[in-house]
Enquirer: 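Following this message is one structure expressed as structure tokens.
Index from 1, following the sequence. Fair warning: this is a prediction, and the values are worked out from it, not measured in the lab.
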Amino acid sequence: MGTALALADPSYSAPALAYSGELAESEDVIWWVVVVGFAYAVALAYVAWCRHNGGDGEISFGWSGFKVVCRSR
């Protein structure tokens, strides 16, 4: 039984990969990640500056975007 299966032709072959389009959607996602990452880095820098000057910085993130607050102590 084992030799009969070993000699049989494989019934499955991996599908061939063929793509003939553009990857326009992935560029939009990459730019969105870059913009959000840059905005978060700016928010972190502002909070660090706020804390360095004796304040209490706070970052919150919601559907409308980042909210950065600097409150003095």
Side-chain angles (χ1 to χ4, degrees):
M1 180 78 161
T3 57
L5 290 176
L7 295 176
D9 290 331
S11 60
Y12 173 78
S13 61
L17 296 176
Y19 182 73
S20 62
E22 294 183 16
L23 295 176
E25 291 180 38
S26 64
E27 274 187 35
D28 294 341
V29 171
I30 291 171
W31 280 113
W32 184 84
V33 169
V34 168
V35 168
V36 171
F38 181 74
Y40 191 68
V42 170
L44 284 176
Y46 179 70
V47 167
W49 175 81
C50 178
R51 290 183 180 178
H52 178 72
N53 289 332
D56 188 21
E58 179 182 322
I59 300 174
S60 60
F61 182 72
W63 288 107
S64 61
F66 292 102
K67 178 181 176 186
V68 184
V69 178
C70 182
R71 295 186 179 100
S72 58
R73 291 183 186 175

Enquirer: Once salt bridge (Lys or Arg N to Asp or Glu O under 4.0 Å) is applied, what residue pairs with a partner in residues 55-72 remain, sequence neighbours excluded?
Expert: Glu58-Arg71
Enquirer: Are Val35 and Val33 connected in the hydrophobic side-chain network, where two residues link if heavy atoms are under 4.5 Å apart?
Expert: no
Enquirer: Kindly write out the residues that satisfy ring-ring contact (aromatic ring centres under 6.0 Å, His included) with Phe66, not counting sequence neighbours, or none if the list is empty.
Expert: Tyr40, Phe61
Enquirer: For residues 30-67, pull every pair meeting disulfide (SG to SG under 2.5 Å), keeping only residues two or more places apart or in separate chains.
Expert: Cys50-Cys70
Enquirer: According to a hydrophobic-cluster definition based on side-chain heavy atoms being under 4.5 Å apart (Ile, Leu, Val, Met, Phe, Trp, Tyr only), do Val42 and Val69 belong together?
Expert: no
Enquirer: Transitively linked via ILVMFWY side-chain contacts under 4.5 Å: Phe38 with Val47?
Expert: no
